[in-house]
Structure formats: structure tokens, C-alpha cells
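The chains referred to below are lettered A, B, ... by the order of the sequence lines, with proteins before strands, and numbering in each begins at 1. For the numbers below, each heavy atom of this structure counts, side chains included, while hydrogens, waters and symmetry mates do not.
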Amino acid sequence: DTGVSQDPRHKITKRGQNVTFRCDPISEHNRLYWYRQTLGQGPEFLTYFQNEAQLEKSRLLSDRFSAERPKGSFSTLEIQRTEQGDSAMYLCASSPGTGTGPQHFGDGTRLSIL
Amino acid sequence: GESVGLHLPTLSVQEGDNSIINCAYSNSASDYFIWYKQESGKGPQFIIDIRSNMDKRQGQRVTVLLNKTVKHLSLQIAATQPGDSAVYFCAENKDNFNKFYFGSGTKLNVKP
């Protein structure tokens, strides 16, 4: 399978714990995006990487959130001191490095905060 | 799996009929649009795209229409099948970083 891969698919944790999600983009894609999706809503942009550089962050990404893409390949999204409101589906997408075109999404990580 | 489509506008059609899903976008400067299909428990799947220099684009069983005057986008699905049942999102791009803004979605139910 050469699509976008996300791990884990589901994460259940207690409020206040830290969690980390991983995304492996399509191998030749330079751009990588994180989105958050709550029930009944469309995905909301969180942040964007061009290779290893994080070029844009949404105001939705509070200081408890951090994303990295150290070698320009896989990316991690960490949430510290999780809160009830962090419960959502976290989606990763990737696209080629030039021009405007469709983003290809993974199947997401479903985070549930107890 | 969980349902993505709770509290969404719902369109119910009979198998074999044509479906039309509508979307109003927000920014007149948006120049690229995509329709995504999302099934329960899965990520959005690309269906078809259109750039602002076009009014219509056709794919296999799907057609996207763009009306820039009223900032309206529609997705037409011909001969709707049970496998088309999903939530459909339109997404608009209005900058050079390929960042998309998604609408709230429409749930399509196809009745056999």
C-alpha cells in the first residue's frame, strides 16, 4: 500500500496525559499537512510542512500541540496535557511539492480523552 | 466504525437516480476546489477537482459545476450506487500553500 499511513488508528487516554501520533506520507510527496476533524464537521487545518520546514500553523494549534518532520519524511503530532476538547480525529495528508493539487489523506487517528 | 455524518444535512436518493450535492464557498479569491468523499472510519478520498478558470469538469460518473458569481459548487453523481453512500465535502484553496478549507459536508444515503 503506497497511501498515507497513520498510527495508531485509535488512542484512548486520560485527561492530562501526553499523546503522540505518527504520519507516513506518500513517499515522493514533499508537502505534509495535519488536520483535525470533530464529529459532524469537515477537517480543519492545523499545520503544514514543506520537506522538514514547518511553514504554517493554525491558531487552533495551541502551545500544547507540537508537530515535527525531522527528516522531511514521516511526521509526528504531539499533544501535551490532553483536555476533553482534544477528542477528535486527527488526519494527515500529503501532496507533491509543486503547484496546487489534491491532498491525499490517511485514515486518521481517533483520539478519545476520558 | 464511528459515523462521520452525525448532524449533517442528508440527501437520500434511490439507487440508479442522479444525485446533486451543493456547496457554498466563502472566499471569492479561492481558485481551486475539490470534492472529497468520506466513508465511516476512513479519511477523505479525492473525487474530482476544478480550477477557477473552468465552469465544469467531468469524471467517471461525476461532474463538478462551479459558479463563481454566486460562489457555488455542485457535485453531480450519475446513476448513484449503494457504494456512493458517504459524507461529501467540498474544499476550497485560496493561497499558494495548498491549504484547504472544508465545508461542513453532506451525507448521501443511497436506498436500494
Mind checking whether A:P102 and B:Y32 have side chains closer than 4.5 Å, heavy atoms only?
yes

Which heavy atom of B:F100 sits nearest to which heavy atom of A:F45, and what is that distance?
O-CB, 4.3 Å

More than 12 heavy atoms from other groups under 6.0 Å of CD on B:Q60
no

In Å and rounded to the nearest 0.5 Å, what is the NZ to CG distance from B:K42 to A:L91?
14.0 Å

Under 4.5 Å between any side-chain heavy atoms of A:Q37 and B:Q38, yes or no?
yes

Counting distance only, does the side-chain N/O of A:R9 pair as donor-acceptor with the main-chain N or O of B:G41 below 3.5 Å?
yes

B:Q45 side, atom CD; A:F105 side, atom CZ - distance, nearest 0.5 Å:
12.0 Å

NE2/A:H104 to CZ/B:F46 distance, rounded to the nearest 0.5 angstrom?
7.5 Å

Take atom CD of A:E78 as the centre, draw a 6.0 Å sphere, and report whether it contains more than 12 heavy atoms from other residues, nucleotides or ligands.
yes

Kindly check if the number of other-residue, nucleotide or ligand heavy atoms within 6.0 Å of CG (A:L60) is above 12?
yes

Would one find more than 12 heavy atoms of other residues, nucleotides or ligands at under 6.0 Å from atom NZ of B:K56?
no

Does CZ belonging to A:R15 count more than 12 external heavy atoms closer than 6.0 Å?
no

Please tell me whether A:L61 and A:Y35 are part of a single hydrophobic cluster in this structure, the criterion being side-chain heavy atoms less than 4.5 Å apart.
no

Polar side-chain atom of B:Y36 near backbone of A:Q103 as donor-acceptor pair, under 3.5 Å:
yes

